[in-house]
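Inspection log for the structure reproduced underneath, given as structure tokens.
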Amino acid sequence: MSRSRQPPLVTGISPNEGISWTKVTIRGENLGTGPTDLIGLTICGHNCLLTAEWMSASKIVCRVGQAKNDKGDIIVTTKSGGRGTSTVSFKLLKPERIGILDQSAVWVDEMNYYDMRTDRNKGIPPLSLRPANPLGIEIEKSKFPQKDLEKLFHGMSGDFTSENFSAAWYLIENHSTTSFDQLKMAVSNLKKQANKKNEGSLAYVKGGLSTFFEAQDALSAIHQKLEADGTEKVEGSMTQKLENVLNRASNTADTLFQEVLGRKDKADSTRNALNVLQRFKFLFNLPLNIERNIQKGDYDVVINDYEKAKSLFGKTEVQVFKKYYAEVETRIEDLRELLLDKLLETPSTLHDQKRYIRYLSDLHADGDPSWQCIGAQHKWILQLMHSCKESYVKDLKGNATPMMELENDLRPSALAHLSQTASLKRASSFQSARDDTWRYKAPHRVAFVEKLTKLVLSQLPNFWKLWISYVNGSLFSETAEKSGQMERSKNARQRQHDFKKMIQEVMYSLVKLIRGALLPFSLKEGELRQYGGWEMKSELSGQWLTHVIQTVRLTYESLTALEIPNDLLQNIQDLILDLRVRCIMITLQHTAEDIKRLAEKEDWIVDNEGLTSLPSQFEQCIVHSLQSLRGVLECKPGEASVFQQPKTQEEVCHLSISIMQVFIYCLEQLSTKPDGDIDTTHLSVDVSSPDLFGSIHEDLSLSSEQRLLIVLSNCCYLERHTFLNIAEHFEKHNFQGIEKITQVSMTSLKELDQRLFENYIELKADPIVGSLEPGIYAGYFDWKDCLTPTGVRNYLKEALVNIIAVHAEVFTISKELVPRVLSKIVEAVSEELSRLMQCVSSFSKNGALQARLEICALRDTVAVYLTPESKSSFKQALEALPQLSSGADKKLLEELLNKFKSRMHLQLTCFQASASPMLKT
Amino acid sequence: MAANKNKNQSSLVLHKVIMVGSGGVGKSALTLQFMYDEFVEDYEPTKADSYRKKVVLDGEEVQIDILDTAGQEDYAAIRDNYFRSGEGFLLVFSITEHESFTATAEFREQILRVKAEEDKIPLLVVGNKSDLEERRQVPIEEARSKAEEWGVQYVETSAKTRANVDKVFFDLMREIRAKKMSENKDKNGKKSSKNKKSFKERCCLL
């Protein structure tokens, strides 16, 4: 044999008999090495492999199937051992064969037992039940003819059931050749059978049960008939007797069957109990199952079971069921509470909430759980918002000392940063650079707003969706909806109103909290205590405000996307508007401050148009701050213009003007600042940078007049370019009242310009004018007594040189200023000259000539810068002189003038050369 | 080969043993311990289990057939049928439960009634659960005197520790064997001589 192991051998079966589908335990040897090794199992020829459960090499559990044979072997086949054998066998019982009084080792299905009484007609008479072979030995039919036997035993019969039974006939007929020993055995058999009958009348009655039934029925039928015939009265004694007999028979039967019937009753009651348990297993197990499923979280199953139990036992009258159903009800009630708790538990996801609500509505929970949930959610959101604030305030206070110092250090430098060119870069990277450093740098309040809005945005959608589902009824399962419909529709209006209030409250809190953090002045005293509590150290910069506005706007957009009605969001709109206005104000204020600080940055380096970098810096500064405000100024859909309110408009206008004026003030300051002051600041600030060193040296050489000039030139530029540009920018950003701004600022600028100009002229013209008189009368010169003029005198030349010096000074700074300055100076000089001439009481001939020569010389040289006023002054001066008497004099004058011009040619060309291009422009 | 073996098995002498006793005294435990050397802890009432295996009894290969019956009263009525088929009985009680001991008398009565025609019935009184000495309710003397009264052997066993398990089965089989042998003698008093003769004759022929 090629098998590596012994074939399976079944040596035990438990139980050894039973009806189909009885669970049996098979024991033996070599029943396989594992579940997969078992490849065949038959019991009484039926394949039971399907139900076989391999336990070990000596044990298999399976169920017996509908076997072909009543009794048979248990054959196990394994891969390792092949087909096996068995030493024991299984007997398959046919349940329908079992009568009410038959004994069985297994439970018999109640449905299959039958009442013997109903088919007793089919039954055979009790006597025929006797064995065909009463002697219990082999029957050997003799060839003895029947006729002879009849002759021999006349009137007798060989049938042992007959009354005329003849034992001899029977023996001759059946056992004519049987040995004596055999016959002796037959006698003992017969004795045994007789004993058996004596053993108990019970067994006998059992055997002939149907006969007894028959007899009883027949007797009762007779009884009835007799009663019906009315014979009872006539022959009472007879019926009486019969009745007595019947009663006795009945009593005897009762006593005989008492035990059996008692057992039967017991069996029946057990069976019934089992049936009830089986049939209503569902209900009896339900409390436990509910508990278990709740633990597992299979609420669906619980609800299903509950529904089923409710429909089955909800209206039961049976005490046991009532008890269990009550148990179930308490469990479900617990479950309802549990679910409600879970539902109201926060935080929770929308999905979970919906699930729980559905469960609750399926369980017909009292009240309106979804509404409760909405309420709880609402409360929770509010609480979250407040706790968010609290935590930030606390954080701020907790870290107060280190953080404040840090921030105080940071703030100005950050501001400085913002105002410089670097801030542009920063602004562009502002949104993207949300790394950790940003988070740390972000002021608490900004971080708070960020967090708060994020919080609201994360929670509110769920809240809103919950409401939407509540309204459209998708929270309820279809069945529950119908029942809930009535109640809800009743409350719908009220609920709508309440919910609106809730949303409003959330919005209100959101707005108030943000206001508390950023716009504390917009809250009332009481509100401030509730929503504020921030330690106000310093205003947030415009940059941060812009950021906050962005955040709030995004929030608003998200909320609108939820289709929350606009009237609920009006609060936020208002907040945004306020924030924007605030932001603009702050930014403008900061800009003003920045501009104030611009003065310190004046480097006095003049470009070829006579300008320093100051005006362009100023412009840049404003442009930048406007740019940073662009987002704020822009009106998102649904937003009102910032300038809608006249008050805001006015304030903005005022602030803008103040910015301008600050700058103008700066310029004025610059122009009048004493030398030392500027130098020291410059040195202290910039000495570290070597590339600026050169400029500092130049600065040192700047005189106050030069500075004055520079400022003047800047003023001109401002008037002509910068202010216009700025106005344009303002317009571009939809600022209102630009005309007013420009106008006011222009006026003040002009005033400054005028002042400065006059200052300068005074500074320059006074020395020249003052030197004229002493110059004229130098060397005791007298107009009445003088020699024939030989040329223009020195004082005039000196004055001219001075004018040229002024010209040079102005020219180096700004060519544009040259005509303006020089004409003014010339005016002053000519005026003085004419005054001097008019003061002269009389001229000699030579004196007059001299004077005329000098006046003409001066007039001709500065001809380019002559104004009507200076012209008339010169005219007056000339008129004060006596007329030239002779042609010789005229000639001399001409000669001398030409001589002067040719001599001074070099000096004088500067007027012409510079004047001609200037005039062109 | 299997067929051969089968033939061998079926041709072997078969001793039919029936386990009798109240419910839960350990009839099945004893049987399973004897058959498969295993102790079953969990209690599952038996209905009627059959076991049969080959054992070596005093050097002779025999087969033992064990019918493990139900102890529960529910099955009392069907016991008659079982008892009829048995050749030897292990009347088991639990030493930790006195009721089970008193019940042995009833079981014995029933056996005697069913087997009325037989004069001596191979039977052993077995006091099981001897490992639970501390919970003993049936004094060993009481059991012993009862057994003496009945003229049978009394053995205490433990299905858990396997103490005396083999002993009770083998002792019973010996009694059954002895009875069968004496019966054969009685019955075939005449025949046996005849048989012997024929045997001799056959031998001669060979």
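- With values rounded to the nearest 0.5 angstrom, A/S14 atom OG is found 8.0 Å from B/L32 atom CG.
- The part of B/E38 that comes within reach of chain A is its side chain, from C-beta onward, which places non-hydrogen atoms under 4.5 angstrom from that chain.
- Looking at B/K53 and A/L9, their side chains never come closer than 4.5 Å, going by heavy atoms from C-beta outward.
- Atom NZ of B/K179 has more than 12 neighbouring heavy atoms from other residues, nucleotides or ligands inside a 6.0 Å radius.
- Contacts between B/I66 and chain A at a heavy-atom distance below 4.5 Å are absent for every atom of the residue.
- Rounding to the nearest 0.5 angstrom, the gap separating the CE atom in B/M35 from the CD atom in A/E29 is 7.5 Å.
- Remark: side-chain polar atoms of B/S50 are not paired, donor with acceptor, to backbone N or O of A/N16 under 3.5 angstrom.
- When the shell of 6.0 Å around NZ of A/K266 is examined, it contains 12 or fewer heavy atoms from other residues, nucleotides or ligands.
- Distance OG1/A/T87 to CG/B/L12: 11.5 Å, rounded to 0.5 Å.
- The OG atom of A/S89 lies 7.5 Å from the CZ atom of B/R52; values are rounded to the nearest 0.5 Å.
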Assess the residue pair A/T11 and B/Y36 against the criterion (side chain to side chain donor-acceptor pair (under 3.5 Å)); give the C-alpha distance rounded to whole Å, side-chain angles, the decisive distance to 0.1 Å, and a yes or no. CA-CA 10 Å; A/T11 60; B/Y36 307 107; 2.4 Å; yes
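- Annotation: B/K180, atom NZ; neighbour count of heavy atoms from other residues, nucleotides and ligands within 6.0 Å is above 12.
- Within 6.0 Å of atom NZ in B/K115, more than 12 heavy atoms from other residues, nucleotides or ligands are found, so the atom counts as buried in its surroundings.
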Evaluate side chain to side chain contact (heavy atoms under 4.5 Å, CB included) for B/E44 paired with A/T25, printing each intermediate quantity in order. CA-CA 12 Å; B/E44 192 186 329; A/T25 306; 5.8 Å; no
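- Summarising the local packing, CD of B/E99 is surrounded by 12 or fewer heavy atoms from other residues, nucleotides or ligands at distances under 6.0 Å.
- Put simply, CZ on A/R27 and CG on B/D49 are 8.5 Å apart, with the number rounded to the nearest 0.5 Å.
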